[in-house]
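Just so you know, ligand 1 is whichever comes first in the structure, and atom 1 is the first atom listed for that ligand.
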Amino acid sequence: MDQMTKKYVDGFMADLTAKNPGEKEFHQAVKEVLESVAPYMMEHPYLIDQKILERIVEPERTIIFRVPWLDDEGNIQINRGYRVQMNSAIGPYKGGIRFHPSVNLSIMKFLAFEQTFKNSLTTLPMGAGKGGSDFNPKGKSDNEVMRFCQSFITELYRHIGANTDVPAGDIGVGGREVGYMFGQYKRLRDEFTGVFTGKGQTFGGSPMRPEATGYGTCYFAAAMLATKGDSYEGKTVAISGSGNVAQFAAQKATQLGGKVVTLSDSNGYIYDPDGIDADKLAYVMYLKNVLRGRIREYVQQYPSAQYFEGQRPWGVKCDIAMPCATQNELNEDEAKTLLANGCICVAEGANMPTTPEAIAAFQEAKILYSPGKASNAGGVATSGLEMTQNSMRLRWTPEEVDQQLKRIMTDIHEACVKYGTEEDGYVNYVKGANVAGFIKVAEAMMAQGLV
Ligand code: NDP
């Protein structure tokens, strides 16, 4: 980066951090995009004059609200709800809802910001938003989760709609929670519309939506590997997380010929040297989705596996690493360990799971590395396909949706290669994803005037 560009980046970040104090995840996400798009801005100075980046980092609207509810003992509980409506330049606000005790404004804004570029990359007409609450669904009864979701929507319903803002799931929000939120929205509005995606298969959910993020991440990784004439076949794969994204990443990686040897949750990870095959994965899905148990229980079922309390899976020798749990879950030391162990490909299923220093280590070693906004975009893309099906009042087959998902992931990969290929031929997927996503949003914003 030349001196002038660096001065622009530093000045922009100084203003942003002063204006948004304490929002460290938001600062991190903006800095990564800014470093990628700054050279493009320098070549197109009218974008600087038009303050396009200053506009993009300011949410169009932020809603913060009280969510009161009664637990099973009749005690009053109060949580905080959020919806960040980040950017509607290319379509209605679109992005998931997260229920996790760590949720705060910084995390909501970083996720909504990332969503802007990710949704742009999908080629579908979707703007960007993100929402959630510091509510912890772990250990709560179904009735408590339902009462919470109903209270959450009793406020949020006035801000969302099929043509305004279409939420979906994320950490802590799966089919059960989307169902409760959709039900309350329908009751309050007295209308049955595609206001949520990730709905149940009996009331408008798209086939393949549950699978889409994990499958899409594998399709993207397969496209990266193909640039080296390589594939998943015979590769050892380390995956973190054991929720929606991790489960279906493990399923597809196995189908493509890989051997998945790890899964994790926030307490620790399991290592199964024989591989987590289809039968074992079916048990994990039952354990996590029905029993709502912990990943450590895997080793009781399969004693040849080991459980490592309080550790992450990145010390395990693998060819392909797929972080699918949460932000900043793979640091510089862990990146160096992965590299030393011969890892050739890192594909993010989670949002911003790799720290900036770890990304730098992967890029310096010139291995295949894809940021979540490119490789996990299959989830929101299939949400876009769910919106289309809802508007048309029809339902495609799983094969049709999977076909479209594959095409979209290939298109995203091509866009990254187009904008991210460096002089020596190395594909910088971070740069490619950020620049490709940015150009479309910036053009749409310019065309719509100062709004
Ligand atoms: P789930 O709630 O289904 O699963 C989350 C998994 O990550 C769980 O295993 C959870 O363990 C673990 N986890 C959560 N927080 C932490 C933490 N602080 N430290 C360690 N492990 C943690 O969520 P999803 O699978 O849907 O989401 C995973 C990631 O993928 C997130 O970054 C999300 O934003 C991203 N994503 C999801 C999409 C989707 O379609 N669902 C789309 C695109 C991105 P535990 O049970 O202990 O909390």
Side-chain angles (χ1 to χ4, degrees), residues 25 29 94-103 107-108 110-115 118-119 121-122 126 128 130-132 135-139 167-178 196-198 205-206 208-217 220 239-251 262-270 284-285 287-289 291-298 309-314 322-331 347-354 370-386 405 409:
E25 292 85 1
K94 180 88 197 86
I97 300 264
R98 175 176 293 191
F99 292 162
H100 194 271
S102 64
V103 163
I107 289 179
M108 293 288 99
F110 117 65
L111 288 164
F113 181 76
E114 290 280 288
Q115 201 84 45
K118 182 192 306 194
N119 292 6
L121 282 171
T122 64
M126 295 181 291
K130 199 83 189 189
F135 172 71
N136 185 0
K138 252 180 246 158
D170 191 76
I171 291 178
V173 177
R176 174 181 63 169
E177 291 75 16
V178 168
F196 269 88
T197 59
S206 174
M208 301 297 293
R209 177 61 189 90
E211 291 87 345
T213 308
Y215 277 25
T217 306
F220 195 92
I239 296 181
S240 65
S242 50
N244 172 267
V245 180
Q247 290 171 16
F248 287 105
Q251 187 168 76
T262 68
L263 287 171
S264 71
D265 60 25
S266 48
N267 295 105
Y269 80 91
I270 53 119
V284 171
M285 289 181 175
L287 172 70
K288 299 302 288 188
N289 309 344
L291 300 180
R292 298 191 185 271
R294 308 302 298 160
I295 201 65
R296 73 170 79 90
E297 293 166 56
Y298 182 95
E309 175 77 20
Q311 292 185 46
R312 303 194 284 218
W314 312 126
M322 302 184 70
C324 295
T326 192
Q327 63 274 0
N328 293 327
E329 55 155 322
L330 199 171
N331 65 26
E348 294 185 347
N351 285 311
M352 210 169 76
T354 310
S370 68
K373 65 168 77 72
S375 44
N376 73 29
V380 71
T382 307
S383 279
L385 302 177
E386 183 167 325
L405 172 62
M409 297 318 295

Who are the ring pair (Phe, Tyr, Trp, His ring centres under 6.0 Å) partners of Phe220, not counting sequence neighbours? His413, Tyr429

All heavy atoms of Leu330 vs all of Pro323, minimum pair found to be CD1-CG, 4.0 Å

My understanding is that only residues two or more places apart in sequence, or in another chain, count here; which of them pass side-chain hydrogen bond (donor to acceptor under 3.5 Å, both in side chains) with Asn331? none

Please identify each residue that fulfils side-chain hydrogen bond (donor to acceptor under 3.5 Å, both in side chains) with Ser240, with sequence neighbours left out. Glu329

One thing to verify: whether Glu386 and Arg209 come together as a salt bridge, which I'm taking to mean a side-chain N less than 4.0 angstrom from a carboxylate O. no

Do Asp265 and Lys288 sit within salt-bridge range, that is, some charged N less than 4.0 Å from a carboxylate O? yes

Neighbour list for ligand 1 [protein residues, heavy atom under 4.0 Å]: Arg98, His100, Lys118, Lys138, Asp170, Ile171, Gly172, Arg209, Thr213, Gly241, Ser242, Gly243, Asn244, Val245, Ser264, Asp265, Ser266, Arg294, Cys324, Ala325, Thr326, Gly349, Ala350, Asn351, Asn376

